[in-house]
Amino acid sequence: MSTLSLPKVLSSLVMHIEPLLASAAEYQLGEQVTLMPSSLEWIEVSTPSCVKRVRFEQVCSTQLIDYVLQDQWVSSEVDLSLIKAQILKRSNVVVCGLPVNGGYLDLWHHDGEVRGCFSADLGNTTQHRSMLLVALALDYPLEDALVLARAYAQSTQMGMWPTERDAFLDIVCANFSKLSDIGWQFECQSVEAFAPVDSEKLTLYPVVDSVQWVKQLLELDVKTTQLRIKDPNAQGLEQDVAHAIALGLQANAQVFINDYWQLAIEHGAFGVHLGQEDLAVADLNAIQQANLRLGISTHGYYEILRAMAFNPSYIALGHIYPTTTKQMPSLPQGVHRLKLYQQLIGNTFPTVAIGGVDLSRVPVVWDTGVSSVAVVRAITQSNEPAIAIEQLNQCLVEREVKDDN
Ligand SMILES: Cc1ncc(COP(=O)(O)OP(=O)(O)O)c(N)n1
Ligand SMILES: Cc1ncsc1CCOP(=O)(O)O
């Protein structure tokens with residue numbers, strides 16, 4: 001159970017929040033949220049994972065408040081670099097609808113950097129605030145709540161959860177076309193679209209930690225796999241990467257290398273898989289110019305929109321269910337959210353669902369429309385990997401076209 005406690009001055013938001021909660025319940029996007037009046041000066045959002053205090057404006061009194069949102073601007077004379085410096089200094093300051101050349105920016109702090117998104121229209125502030133609070137109450141991280149809020153602020157369909165790409169805005173990143181208009185510089189260059197994968201070969205996608213596993217999988221006719229060796233000091237790392245790449249070429253299969261993009265380029269890999277943090281440090285242009293495919297991990301709306309801006313070869317969506325394979329900083333997404341992410345991406349890029357997927361869960365994951373399902377334990381911890389692969393493959397067959405009428 002989650003609660004959203006609203007101070008009296010914000011009681012006019014209730015009529016906007018209620019239909020949004022109903023829409024979220026219909027899509028099964030999270031715990032039930034109870035709306036409560038409050039005598040506090042701030043909004044309190046309490047979810048199973050955290051309690052957050054949110055306040056609109058009043059940038060001065062930030063002590064007890066997790067997010068102070070400045071969302072009303074009387075002047076368009078704003079200095080973006082000063083505002084970014086302020087956000088860097090005070091990580092709980094969130095700036096929404098900042099007027100810039102040609103549109104508006106939403107800006108927030110993320111791990112020592114300022115992140116932002118851009119929209120040509122501001123939309124409706126009440127709708128913006130309502131969706132922001134609903135999304136936080138559903139335990140979406142701040143950046144996803146902000147992206148959803150701006151999409152909903154522009155909607156004319158009251159109470160309808162934003163689902164299509166057109167509803168969402170642009171992420172400020174190296175590939176954003178209006179960087180110079182808004183006066184934002186990035187250290188890295190923009191990058192052209194990455195080479196495509198063969199989507200017929202991208203269905204079952206085992207992720208494994210040794211070249212022996214890669215060999216075994218290719219012998220079992222697996223057509224896409226990933227070598228994921230987490231220790232950069234592992235003995236024989238380069239030989240293993242080179243060997244896995246050569247095996248992939250021999251088998252005419254799509255072998256992705258996790259993290260080690262320089263080695264992947266050097267040895268002519270089919271592709272590399274990078275996480276969000278790797279995106280900031282990897283030379284994406286070098287990867288693209290070497291004609292390697294690029295897969296990008298994402299964990300929610302903001303990261304999906306950012307990944308889409310880089311035109312990768314596929315977008316991984318996770319983690320869907322709890323997993324013991326990797327410590328995850330985010331919450332499991334679940335299949336209902338996965339379905340909406342898939343709808344947002346549509347046919348623009350192939351998608352890969354990952355995290356906690358086993359044979360019993362594959363059908364419901366596959367039903368969301370994703371292009372591929374990545375698994376670790378479902379194969380590596382099976383007593384009979386060949387049978388596990390056969391059973392998983394049997395679920396990943398062409399979907400029936402559903403008639404919604
Ligand atoms: C297909 C696929 N999806 C997601 C991941 C996770 O990648 P990343 O976020 O870089 O985390 P690590 O794998 O590096 O721990 C993946 N490897 N493959
Ligand atoms: C590498 C990775 N990235 C997100 S979840 C995950 C591990 C998935 O492993 P499993 O299929 O065993 O849950």
Side-chain angles (χ1 to χ4, degrees), residues 27-30 139-141 144 163 165 196-208 217 222-226 228 254 256 258 271-276 293-308 310 312-382 388-389 391-400 402:
Y27 282 117
Q28 303 181 59
L29 299 181
D139 240 340
Y140 282 96
D144 288 356
T163 53
R165 173 66 185 100
V197 289
D198 178 345
S199 49
E200 292 201 353
K201 292 182 181 170
L202 184 71
T203 43
L204 178 61
Y205 183 175
V207 175
V208 290
L217 292 171
V222 165
K223 287 296 175 203
T224 301
T225 184
Q226 180 186 132
R228 176 178 177 267
Q254 313 190 116
F256 283 83
N258 183 252
V272 292
H273 181 93
L274 296 179
Q276 289 287 319
R293 284 76 184 166
L294 174 70
I296 301 180
S297 298
T298 68
H299 311 88
Y301 282 107
Y302 169 82
E303 291 182 358
I304 291 170
L305 292 168
R306 179 169 177 244
M308 287 171 86
F310 289 110
S313 314
Y314 70 77
I315 296 179
L317 305 164
H319 56 305
I320 310 306
Y321 297 101
T323 179
T324 52
T325 304
K326 177 181 171 183
Q327 270 217 321
M328 300 298 302
S330 48
L331 295 170
Q333 306 286 337
V335 280
H336 301 291
R337 291 186 186 200
L338 175 64
K339 198 169 175 176
L340 288 191
Y341 298 150
Q342 176 59 41
Q343 198 172 334
L344 164 63
I345 300 169
N347 293 327
T348 333
F349 302 99
T351 51
V352 177
I354 186 166
V357 184
D358 59 16
L359 185 61
S360 67
R361 286 167 168 165
V362 165
V364 64
V365 170
W366 191 236
D367 224 26
T368 61
V370 292
S371 322
S372 166
V373 175
V375 296
V376 179
R377 289 164 303 154
I379 289 176
T380 60
Q381 292 189 4
S382 155
I389 289 169
Q391 289 174 328
L392 289 162
N393 272 331
Q394 274 170 9
C395 302
L396 303 175
V397 288
E398 219 166 290
R399 300 173 185 90
E400 281 169 40
K402 283 193 184 141

Lys339 atom NZ, neighbour heavy-atom count above 12 within 6.0 Å:
no

Show your working on side chain to side chain donor-acceptor pair (under 3.5 Å) between Arg306 and Gln276 and close with a plain yes or no.
CA-CA 9 Å; Arg306 179 169 177 244; Gln276 289 287 319; 2.6 Å; yes

Chi angles and distances behind the side chain to side chain contact (heavy atoms under 4.5 Å, CB included) call for Val208, Gln226
CA-CA 6 Å; Val208 290; Gln226 180 186 132; over 6 Å; no

Trp366 versus Leu396: any side-chain heavy-atom pair under 4.5 Å?
yes

Is Gln333 reaching over with its side chain to a backbone N or O of His299, donor-acceptor style, under 3.5 angstrom?
yes

Nearest heavy-atom contact between Ala316 and His273 is CB-CE1, 3.9 Å

As a test of understanding, state which of Tyr301, Tyr302, Phe349 forms a ring pair (Phe, Tyr, Trp, His ring centres under 6.0 Å) with Tyr341.
Tyr301

For Pro363 against Cys395, the heavy-atom pair lying closest together:
CG-SG, 4.4 Å

Over all atoms of both residues, closest heavy-atom pair of Arg228 and Thr325:
NH1-CG2, 4.3 Å

Checking side-chain polar atoms at under 3.5 Å, does Thr224 have a donor or acceptor matched by the opposite partner on Gln254?
yes

Closest approach of Asn393 to Leu204 (non-hydrogen atoms, all atoms of both residues):
OD1-CB, 3.5 Å

Test item: side-chain donor near acceptor, Gln342 and Thr368, under 3.5 Å
no

Under 3.5 Å, is there a donor-acceptor pair between the Arg165 and Thr348 side chains?
no

Rounded distance (nearest 0.5 Å) linking atom CD1 of Ile345 with atom CD1 of Ile304
4.5 Å

Where do Val352 and Leu317 land on the side chain to side chain contact (heavy atoms under 4.5 Å, CB included) test, with the steps shown first?
CA-CA 6 Å; Val352 177; Leu317 305 164; over 6 Å; no

Would Ile296 and Tyr314 count as a side chain to side chain contact (heavy atoms under 4.5 Å, CB included) if you check the C-alpha gap in whole Å, the side-chain angles of each, and the deciding distance to 0.1 Å?
CA-CA 7 Å; Ile296 301 180; Tyr314 70 77; over 6 Å; no

